[in-house]
Amino acid sequence: EEAPETAEELAYELVLDEAALAAVIERIRKVGAVALDTETTSTDPMQAELVGVSLSCAAGSAWYIPVAHCDEALQYFEDPEDLTTLVQQHPIPREKALDMLRPALEDARIGKIGHNIKYDLVVLERAGVSVQGVILDTMIASYLTDSSRLRHNLDELSLQHLKRKLTPISDLIGKGAKTTTFDKVPLNRACTYACEDAEVTWRLADIFQKALDQRQLRKLFDEVELPLLHVLMRMERCGVKLDPTVFATLHQEINERLSSLNEAIFESAGESFNINSPKQLQGILFNKLGLKPVRKTKTGYSTDERVLETLADKHPLPALILEYRSLEKLRGTYVETLPKLVNPATGRVHTSYNQAIAATGRLSSSDPNLQNIPIRSDLGRRIREGFVAGKEDFCLISADYSQIELRVLAHLAGDEGLLDSFRRDADIHTETAARIYQVPPEEVSGEMRRQAKAVNFGVIYGISAFGLARNIKISNKEASVYIEAYFKQFPGVKAWIDATLAQAREDGYVSTLLGRRRYLPDLKSSNPQARNAAERMAMNTPVQGSAADIIKLAMLAVDREQEAHQASMLLQVHDELVLEAPASNAEAVAEWLRQVMEAAYVLKAPLKVDVGIGKNWAEIH
């Protein structure tokens with residue numbers, strides 16, 4: 001490894017006049033590519049104001065163009081130790097600087113490179129610059145080439161690949177209650193910090209371009225992840241409308257229910273105590289009421305959800321605590337929080353979709369997370385009622401892949417029994433139950449179907465007999481009989497699992513249908529727990545990851561044609577897409593959406609999509 005460069009060798013320049021900026025733009029046009037980064041006033045791209053732009057198109061050099069630092073940042077002492085030399089800077093006015101940058105940034109022939117560039121694209125778009133020609137996002141490239149690492153932020157990648165420690169932003173703007181915003185940072189310090197980000201991104205680009213080719217991930221990057229970044233950006237900018245009255249009503253109901261639960265809990269416990277204190281709850285459950293502890297932790301006996309469920313048939317208190325906790329969580333996470341996150345300028349909630357978090361390739365959503373609103377509980381459905389179409393005469397349209405993971409499994413395993421069920425469009429869980437219990441499909445009871453469903457999904461996740469037994473409350477022995485019966489009925493699945501594990505041990509990774517890789521070094525671990533976990537991931541990733549690939553292809557296809565249908569994609573919740581469109585056109589949009597999603601990828605077990613239309617998100621399901 002070469003020694004890291006000393007700071008003196010880095011040429012970081014503050015660009016303060018039009019002639020200098022024109023020269024920078026000329027240089028970028030010559031090179032034909034540029035790494036760019038924005039400095040702003042907020043981490044939320046829909047509220048952030050642009051403060052400056054940094055650019056780099058060579059290792060060791062970068063430029064910073066300030067566009068909106070406040071007066072105090074333009075006057076500073078060159079050396080904080082020596083208060084004699086006061087520097088007064090006069091940057092190019094914001095609109096002038098943007099007008100000069102716009103032609104180069106909007107020129108698709110100049111390749112743009114960024115780290116989490118979706119953020120910068122949203123900020124610049126809101127400032128009136130529509131960046132074209134993105135060729136690489138180093139965050140997504142890092143994720144694709146090594147999806148198992150926990151974080152793909154610039155600091156970590158710089159340290160790992162360049163052996164360079166970056167200046168943390170908190171050194172400039174402070175942290176906690178004392179945090180200020182970047183527009184107040186003196187220009188000399190802002191310049192060094194911003195230039196470093198762009199220049200490090202430029203250096204990393206080279207490393208990741210090679211890694212994508214080496215690991216045969218170029219096609220997946222260029223044809224799926226990179227175009228998807230623009231689709232997600234449009235969805236985030238669009239946002240989704242909330243109905244505040246729904247949330248206000250729910251809030252009142254939950255508060256009333258919580259206060260009556262409070263009384264019921266104290267009555268059941270025979271005394272009042274702090275319900276949110278695990279320590280006090282332990283005392284009441286295990287000492288006072290004499291219930292038998294289930295699991296020991298560092299701080300005594302566990303009172304987590306699983307323990308309370310186990311104790312619920314021994315005494316009424318655990319069930320009351322479970323209800324109390326789930327209401328508290330719904331209130332805190334959604335009912336109180338979501339209405340506060342409505343953007344005042346758009347009147348909508350804007351989530352961020354993360355392309356570089358889930359190791360299987362699934363998207364995740366944050367600030368707020370709109371992918372985990374509970375759907376099975378009545379209250380979860382009520383929360384979804386608060387998600388509404390954005391205009392008076394508009395509807396929400398939802399399209400949901402039916403059992404996509406089981407269809408992918410049938411395709412990968414090539415198992416004739418599974419494929420046959422899907423081709424006949426039979427109810428797969430009823431069919432599985434009929435085969436496991438050896439009865440005709442019409443004699444399958446609800447309970448048998450429920451157990452077969454647990455087996456079907458359990459197999460995808462590499463579930464053990466112990467895990468299955470716990471899930472459907474049967475003995476370990478019965479569970480292993482079920483699993484054996486399943487593999488006997490669907491021998492292709494067993495053969496596929498064995499072959500996948502053997503291949504994964506040899507290659508060190510598993511792949512999805514589109515060639516997405518997940519490296520699993522623990523397959524060779526001497527620790528049985530780590531090895532078992534890696535084996536489960538090796539079985540699950542090709543299935544869950546291929547399903548994630550397919551919905552990404554569907555999103556690209558929907559995005560290409562949605563304008564012609566006056567529709568806009570708002571949300572992606574794993575196997576489901578939610579759009580809004582004029583009510584007069586909703587039926588046609590729903591049918592188009594179904595066709596596009598079913599044709600996204602050709603599987604041996606045909607894809608099936610359920611569509612629904614409603615005024616709000618709950619009405620659809």
Side-chain angles (χ1 to χ4, degrees), residues 5-29 34-43 47-105 114 119-120 123-124 126-129 131 154 166-175 178-202:
E5 312 225 349
T6 53
E8 290 71 58
E9 291 175 49
L10 299 170
Y12 290 168
E13 291 171 45
L14 194 54
V15 178
L16 294 167
D17 62 77
E18 292 175 30
L21 182 52
V24 168
I25 294 166
E26 188 50 40
R27 177 90 193 102
I28 289 167
R29 286 196 179 278
V34 63
L36 81 114
D37 187 45
T38 56
E39 297 306 336
T40 66
T41 54
S42 163
T43 53
Q47 309 233 17
E49 290 306 320
L50 182 65
V51 176
V53 178
S54 54
L55 304 166
S56 170
C57 57
S61 79
W63 303 279
Y64 180 58
I65 304 112
V67 298
H69 282 263
C70 55
D71 292 347
E72 64 202 79
L74 306 180
Q75 284 192 3
Y76 52 87
F77 291 104
E78 200 165 308
D79 175 4
E81 303 293 300
D82 165 23
L83 302 184
T84 49
T85 346
L86 184 67
V87 181
Q88 171 85 21
Q89 306 282 20
H90 298 286
I92 309 166
R94 175 189 146 115
E95 288 317 313
K96 181 68 198 165
L98 289 175
D99 285 344
M100 288 180 72
L101 284 166
R102 189 175 289 108
L105 293 182
Y119 173 89
D120 308 288
V123 168
L124 286 163
R126 288 182 46 246
V129 178
V131 178
L154 199 58
L166 300 185
T167 311
I169 183 79
S170 52
D171 283 10
L172 282 83
I173 62 170
K175 48 178 145 193
K178 292 203 169 72
T179 313
T180 110
T181 44
F182 201 85
D183 53 341
K184 299 190 175 64
V185 176
L187 286 194
N188 56 343
R189 299 192 62 203
C191 174
T192 310
Y193 172 84
C195 284
E196 182 173 61
D197 279 358
E199 190 248 342
V200 162
T201 302
W202 177 266

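Counting from 1, the numbers follow the sequence of the chain as shown.
Leu105 has its side chain out of reach of Leu98: every pair of non-hydrogen atoms, C-beta onward, lies at least 4.5 Å apart. Counting heavy atoms from C-beta outward, Leu166 and Val200 have side chains that approach closer than 4.5 Å. At least one side-chain heavy atom of Leu187 sits less than 4.5 Å from a side-chain heavy atom of Leu16. Within the 4.5 Å cutoff, side-chain heavy atoms of Ile28 are placed close to those of Leu55. Contact annotation: the side chain of Thr181 approaches that of Lys184 to within less than 4.5 Å [non-hydrogen atoms, C-beta and beyond].
Put simply, the residue from Lys96, His90, Glu95 that forms a side chain to side chain contact (heavy atoms under 4.5 Å, CB included) with Ile92 is Lys96.
The two atoms that bring Phe182 and Val51 nearest to each other are CD2-CG1, 4.0 Å, heavy atoms only. Taking all atoms of both residues into account, the shortest heavy-atom contact from Ser56 to Ser61 is OG-O, 2.8 Å. Across all their heavy atoms, Tyr12 and Cys195 have their closest contact at CG-CB, 3.4 Å. Between Val67 and Arg94 the shortest heavy-atom distance is O-CB, 3.2 Å. Considering every non-hydrogen atom in both Tyr119 and Thr40, the closest pair reads OH-OG1, 2.5 Å. Across all non-hydrogen atoms, the minimal contact from Leu50 to Ala127 is CD2-CB, 4.2 Å.
Atoms CH2 and CG, from Trp202 and Asp37 in turn, are 14.5 Å apart once rounded to the nearest 0.5 Å. How far SG of Cys191 is from CD of Glu39: 10.5 Å, rounded to the nearest 0.5 Å. Rounding to the nearest 0.5 Å gives a distance of 6.0 Å between OG1 of Thr38 and CG of Leu124. Rounded to the nearest 0.5 angstrom, Asp99 CG and Glu18 CD are separated by 10.0 Å. Atom CG of Asp197 and atom CD1 of Ile169 lie 8.0 Å apart (nearest 0.5 Å).
Of the possible polar contacts, none joining the Asp183 side chain to the Cys70 backbone as a donor-acceptor pair under 3.5 Å is found. Between the side chain of Thr192 and the main chain of Asn188, a donor-acceptor pair closer than 3.5 Å is present. Here the side chain of Ser54 pairs a donor or acceptor atom with the backbone of Ala194 at under 3.5 angstrom. Side-chain atoms of Glu199 come within 3.5 Å of backbone atoms of Gly60 as a donor-acceptor pair (strictly under, hydrogens ignored). Between the side chain of Thr41 and the main chain of Glu49, a donor-acceptor pair closer than 3.5 Å is present. Between the side chain of Arg189 and the backbone N or O of Asp171 there is at least one donor-acceptor pair closer than 3.5 Å. The main-chain N or O of Thr167 is found under 3.5 Å from a side-chain atom of Glu196 such that the two form a donor-acceptor pair.
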